[in-house]
Structure formats: structure tokens, C-alpha cells
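I have placed the structure first, in the form of C-alpha cells, so that the comments after it can refer back to it.
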Amino acid sequence: MIKTIVNNLHEFKKDSIMTPVFMILEVIMETIIPLMMASIVDNGVEKGDMGHIYKMGAFMFVAALISLLVGVLGGRYGARASAGLAKNLREAMYDNIQTFSFANIDKFSTAGLVTRLTTDVTNVQNAFQMLLRMGTRAPASLIFAMCMAFTIHARLALVYLFAVIFLGFCLFLITRRTMKYFDVVFQKYDDLNASVQENVSSIRVVKAYVREDYEKKRFKSASENVYRMFVNAEKILVLNSPLMQLTVYSCILLISWLGAKLIVVDSLTTGQLMNLLTYCMNILMSLMMLSMIFVMVTMSSASIKRIGEVLDEESSIKNPENPKMEVKDGSIEFKNVTFRYNRTSEKPVLNHIDCSIKAGETIGIIGGTGSAKTSLVNLISRLYDVSEGAVFVGGCDVREYDLETLRDNVSVVLQKNVLFSGTILENLRWGDENATKEECIRACRLACADEFIQKMPEKYDTYIEQGGSNVSGGQKQRLCIARALLKKPKILILDDSTSAVDTATDAKIRKAFAEEIPDTTKIIIAQRISSVSGADRIIVMEDGQITGFDTHENLLLNNEIYREVYESQTAGGGDFDEKEGEA
């Protein structure tokens, strides 16, 4: 916990040091003031010395002003330090998440990462500010007041010592009981965030299927889980308050009773008793502050642990020491490739894949759902690493390339097309941030996107809503293809990226690719045989293995699976997953 905080303070270390300094100065002033008050009572009021009263009064006023000033400065520096820590933690997590491979991302849910970046960081921020201010002030006040109390009357001060020991033991027991609840409660927060995120992002589907009541029940269940965990924790934490009150009032009664007896026998002056009662309140208020700190630290310790998990996570895919910075061409070769998402899985997703693709070829990949088509192409741009064997691009193992260089030369249009909020031009320039408008228009023409963009009121300056909600599925796919083309890749992978496009437009896109980017290796994953029939060669996949790799004509003659699918689609318009005779 401490290591994570210290490593992320950076430019706010000075603020983190100055805050405790000012808080200790404030405590010193507050400790001196009761001594001056006792002097006024014993040497001024009882002796009738008005000069002494004025003098001590002036000193008290100055001490109070200094206390106020350093308190304000401590608050200011504390706020800067805690807010700065929160900023750095969010940036550090976000930066580290950007380095994650797909395998790393699979370990954390999206909702879990959002909770860590928001709720968990806020908990740590609040706890850190309290630690800097109250965490310094309370122990310092406790120690100074205790020392002064022992200086005035050691036997009476033992009451405070016993109170501190008693409360410390009780707080230790409460901490042990509540920690297990806070470790679990933030996992429940993940479920709650997942419910909200899924519902909001898919609100159109929810409304289309009239599932509002179901989603309300689902959210209510997740919310109640969080509620129950907090209630269980608070049931234990609430014991802190009565224990504190019992200790405070017991100390006041004991000090008053024993102090009165000592005044009678002239072992204690009235001013000293007032002093002891003031220090009594200082000590017990310090204990109260410490109990509040303990609650915040108990909650934030679970949060900082979750934040640390993200910060300590190292990408499973790293650059080699001396990476190759140039991809020669778009040739691809799979050599005895086996791949598992989970290294402990018995059955691999891809099993002993061997195939070779020449630069500039157009390759179709077809297969049923779950046949590992996407898994195969994900290995080309090293989104995942092979479990066994090797993938070669441009004659070199992909693990020898600089990651950025490799991925700049392998453009992938994934199954789930994503557009970001911003204009069409801004979205297109994700492919090349320096692309001119003319280059963007050319890419859109190749992807058959220019025709619908020109019909929009603002054309290429049309604003795309978050997730591309104001364009159709087919339009979104074509924009994503255009964005990929702007990278001018040596390899272009379309992972079922024309599924929402009509067959005529699909044919236009394929024709444009053949004519305009002949040297780019094109890999087209599709469910429709019409989308891949014109490819140079077609890979047929089933259950993580290649069962055929040949031209359309030869596969019709020699591959039973391909022939059955072709016949089912040409006869009844079915797709790869539909067998003859099934609805």
C-alpha cells in the first residue's frame, strides 16, 4: 500500500511533506495555549495581576492566529497532495492498461477497471488526505498532550494512558472483523457497474425486447448486494462510536473526581486541573480522529490493493531487446502453431496449424462459429502470442518485431466495429493522424463509404455519436474499413467486417481492393461464401483446425464441408452455421 502511494506521488512529494509539518505546528500552538490559560488562572486571576492577564492574553491571541494560519496551509497542501495522488494513480493505471495484451485485458472486466479508476481511487484520495492531516495531527496532539499531562501530574495522567491502550485494543479487533467485508464489497461494485454499463450501452436492445423490468431487477439485485456488504461492515464499525463516548466521559469523570481531591489537599492547583481537563479533551479528540482514520484506511486498503493489481500487471506481450523496425512484405506463414487462451487448458483453441500465404494474395477464411477464425488472425498482429510454434510475417517471427511497427503494418477490422465520438474525419484519422482530407476521401471510396458520407449534411465533418449510434451497422463497417486502409498496411484483415453490408456493396469493396491495393495481403473472414469465392485461396476451418486450403473451385470438388455450405447457401440463402434441413 505504502509503496504504491509513494511511487505515484511524483511532483506532489513536497505537498505531502509540508502538510504534516504545518499540522504539527498547529498542534504545538494548541498545546501551548492551555499552559497560558493555566498561568492566567494561577498567576493572574488568583493573584489579581491584570498585567500578567493582558500579557498572557496577547500571547494566546498570537498563538491562536499562528494555529489558524498553519491549519489553513496544512489543509491547502493536503488537498493538493491527495488530489495529485489521485490524478497520478488514474494516469498510471490508464497508461498501464494501454500496454495490456488481450490476454491481460481478459483478466479484468471492463466494469472492474472502471471501478478501480473511479471509486477505488476516490477512496484512496480521501484516506490519503485524512492520513496527511488527521494522521499527523491526531498522534502529535495525543503525544504532546500526554507529555504535558504527565508533566503536570503523572498519577492522574495514567488515566489517559489506560484509555489509549483500551481503545487501541478495541480498534484492532474491529479492524480485523471489517477488513474481510471491504475486500468483498468492491467486487460487488464491479457487478453493479457492469449492470449499469451493459444496460446503458445496449439500451436500444433492452427497449426493443421490452426488458426494462428485467434490467431493473438485475440492477436492484446488484445494488442490494453492495448494500448488504456495507451494512455488515457498518454493524461492526458502529461499535467504534459508543466505545469512544464511554472512554471520553469516563476519563472526564475520573479526572474531575480525582483532581478535586488533590486540590483539597493542595497537591494540585485549579489552573492545573483546568489544564488537565483541556488536555483530556485533546487526547480524546485525537483518539476520535484516529478512529475516523482507521475507518477510512480500512476501506481504502481494499481499494489500494485493487489499484495495485492493475499497476503491477505486466503485459504478457513485450518488445524484444533489439526489435526489427521494418516489415519486408505481407507474406504470412504459420508453422506448427498451437494456441490456448488459458495455458492450463487441456484442449487448444488452435491445434497444429501449418499454412503459407504469399504477399499480395487475397485469402478467404470460412468456418462455423467457434472454429477459431478470429483466434487465427489475432496471432498475425500479435494481439496474442502462440502457445507453441511460430507465426512469420515478412519472413520474420512476429515476436522479433517492434510491436508498434508490426501493428502499423497489419491493419485489423475486428468483428465488433467501434467508432468514437467525434467527426467522421477524426475517426478516419485513427488510421493515420496526419492523413489529408483527400487521402481520407480516397480510403472511403475504396471502402464504398464516400457515397453515403456525401449525402450527410456536414459530409466529412458530420459528428459521430459515441459508439457510432447515429450511423447504420453497414455504414459503421465501411468507415472502419476506410480507417484501416489509411494505415497503408502490408496486411489487411477483415474479420467478418462486411456482414452488415449488402452483397452488391460487398462485391464493390472486394473489387476496389483487388484494383487499388494489389500488393497488400488481404485476409477476409466471412460467413457468406459469396464474400470469399473470388479470393485467390480459401481456408476452411473446423474446431480449431484447417480442413481445407485451396481455390473456390478445388474446394467444391475436394472439400465436403465447403461443398455442403456452398450448396446450402446457394439453394436456400443459409449461412455457414445452418445445416441443410434446419430452420
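For reference, positions follow the sequence shown, starting with 1. Keep in mind it's a predicted model, so treat the numbers as computed, not measured.
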Notebook entry, point to check: Glu400 and Asp397: side chain to side chain contact (heavy atoms under 4.5 Å, CB included), yes or no, with the steps?
Noted result: CA-CA 6 Å; Glu400 296 178 9; Asp397 191 324; 3.9 Å; yes

Notebook entry, point to check: Phe22 and Arg76: side chain to side chain contact (heavy atoms under 4.5 Å, CB included), yes or no, with the steps?
Noted result: CA-CA 10 Å; Phe22 284 122; Arg76 181 168 177 259; over 6 Å; no

Note to self: For Cys396 and Tyr401: C-alpha separation, side-chain torsions, deciding distance, then whether side chain to side chain contact (heavy atoms under 4.5 Å, CB included) applies.
What the structure shows: CA-CA 8 Å; Cys396 291; Tyr401 284 113; 3.5 Å; yes

Margin query: side chain to side chain contact (heavy atoms under 4.5 Å, CB included), that's the test. Do Gln125 and Leu85 meet it? Break it down for me.
Written below: CA-CA 7 Å; Gln125 177 182 348; Leu85 173 66; over 6 Å; no

Next item on the list: Mind running salt bridge (Lys or Arg N to Asp or Glu O under 4.0 Å) on Glu388 and Lys335 for me, showing each step along the way?
Entry: CA-CA 9 Å; Glu388 298 171 25; Lys335 283 190 176 180; over 6 Å; no

Item checked: Step-by-step salt bridge (Lys or Arg N to Asp or Glu O under 4.0 Å) determination, Asp432 to Arg429 -> CA-CA 5 Å; Asp432 179 3; Arg429 283 174 177 148; over 6 Å; no

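Met325 and Asp402 make their closest contact through SD-CB, 3.4 Å (heavy atoms, listed as atom of the first residue, atom of the second, distance). Considering every non-hydrogen atom in both Thr405 and Glu326, the closest pair reads CG2-N, 3.9 Å. Minimum interatomic distance between Leu117 and Ile97 (heavy atoms only, all atoms of both residues): CD1-CD1, 4.3 Å. Contact between His352 and Asn336 at its shortest, heavy atoms only, is ND1-OD1, 2.8 Å. Listed here is the closest heavy atom pair of Arg407 and Ser381: NE-O, 3.1 Å. Taking all atoms of both residues into account, the shortest heavy-atom contact from Tyr463 to Ser421 is OH-CB, 3.5 Å.
A 6.0 Å sphere centred on CD of Glu433 holds no more than 12 heavy atoms belonging to other residues, nucleotides or ligands. Within 6.0 Å of CD in Glu314 there are 12 or fewer heavy atoms belonging to other residues, nucleotides or ligands. By the 6.0 Å contact criterion, OH on Tyr94 is open, its count of non-hydrogen atoms from other residues, nucleotides or ligands being 12 or less. For CD of Glu309, the number of neighbouring non-hydrogen atoms (other residues, nucleotides, ligands) closer than 6.0 Å is greater than 12.
Inter-residue side-chain proximity for Val349 and Tyr341 is flagged as met; some heavy-atom pair is nearer than 4.5 Å. Taking the side chain as every heavy atom from C-beta outward, Glu26 and Met23 approach each other to under 4.5 Å. Leu479 places none of its side-chain heavy atoms less than 4.5 Å from the side chain of Asn427. A 4.5 Å side-chain heavy-atom check between Val410 and Pro489 finds every atom pair outside the cut-off. At a threshold of 4.5 Å between non-hydrogen side-chain atoms, the residues Phe12 and Lys87 count as touching. Using a 4.5 Å heavy-atom threshold, the side chains of Val386 and Thr338 count as separate. Looking only at side-chain heavy atoms (C-beta outward), Ile66 and Leu25 stay at 4.5 Å or farther from each other.
Arg116 pairs with exactly one of Leu311, Val310, Val121, Leu89 by the side chain to side chain contact (heavy atoms under 4.5 Å, CB included) rule, that one being Val310. Applying the side chain to side chain contact (heavy atoms under 4.5 Å, CB included) test between Leu494 and each of Val377, Ile481, Ile525, Ile523 identifies Ile481 as the sole match.
Remark: the backbone N or O of Thr423 is paired with a side-chain donor or acceptor of Glu426 at under 3.5 angstrom. Between the side chain of Ser411 and the backbone N or O of Ala484 there is at least one donor-acceptor pair closer than 3.5 Å. With hydrogens and angles disregarded, no donor-acceptor distance shorter than 3.5 Å links the side chain of Ser82 to the backbone of Asn126. Side chain of Ser67 to backbone of Ala63: no donor-acceptor contact under 3.5 angstrom is found.
Classification of Glu11 and Arg80 as a salt-bridged pair fails, no side-chain N sitting under 4.0 Å from a carboxylate O. With respect to the salt-bridge test (charged N to carboxylate O, under 4.0 angstrom), the residues Asp543 and Lys347 qualify.
Of the N and O atoms on the side chains of Ser16 and Tyr77, not one donor lies less than 3.5 Å from an acceptor on the other residue.
Of the inter-residue distances, the one linking Ile353 atom CD1 with Leu379 atom CG reads 9.5 Å to the nearest 0.5 angstrom. The CZ atom of Phe339 lies 6.0 Å from the OH atom of Tyr384; values are rounded to the nearest 0.5 Å. Note that CD of Gln545 is 11.5 Å distant from OG of Ser371, once rounded to the nearest 0.5 Å. Taken to the nearest 0.5 Å, the NZ atom of Lys318 stands 11.0 Å off from the CZ atom of Arg382. With values rounded to the nearest 0.5 angstrom, Leu131 atom CG is found 11.5 Å from Thr19 atom OG1. Note that CG of Asn409 and CD1 of Ile380 are 13.0 Å apart. Values are rounded to the nearest 0.5 Å.
Under the 6.0 Å cut-off for aromatic ring centres, Phe392 and Phe334 do not qualify, their centroids lying 6.0 Å or more apart.
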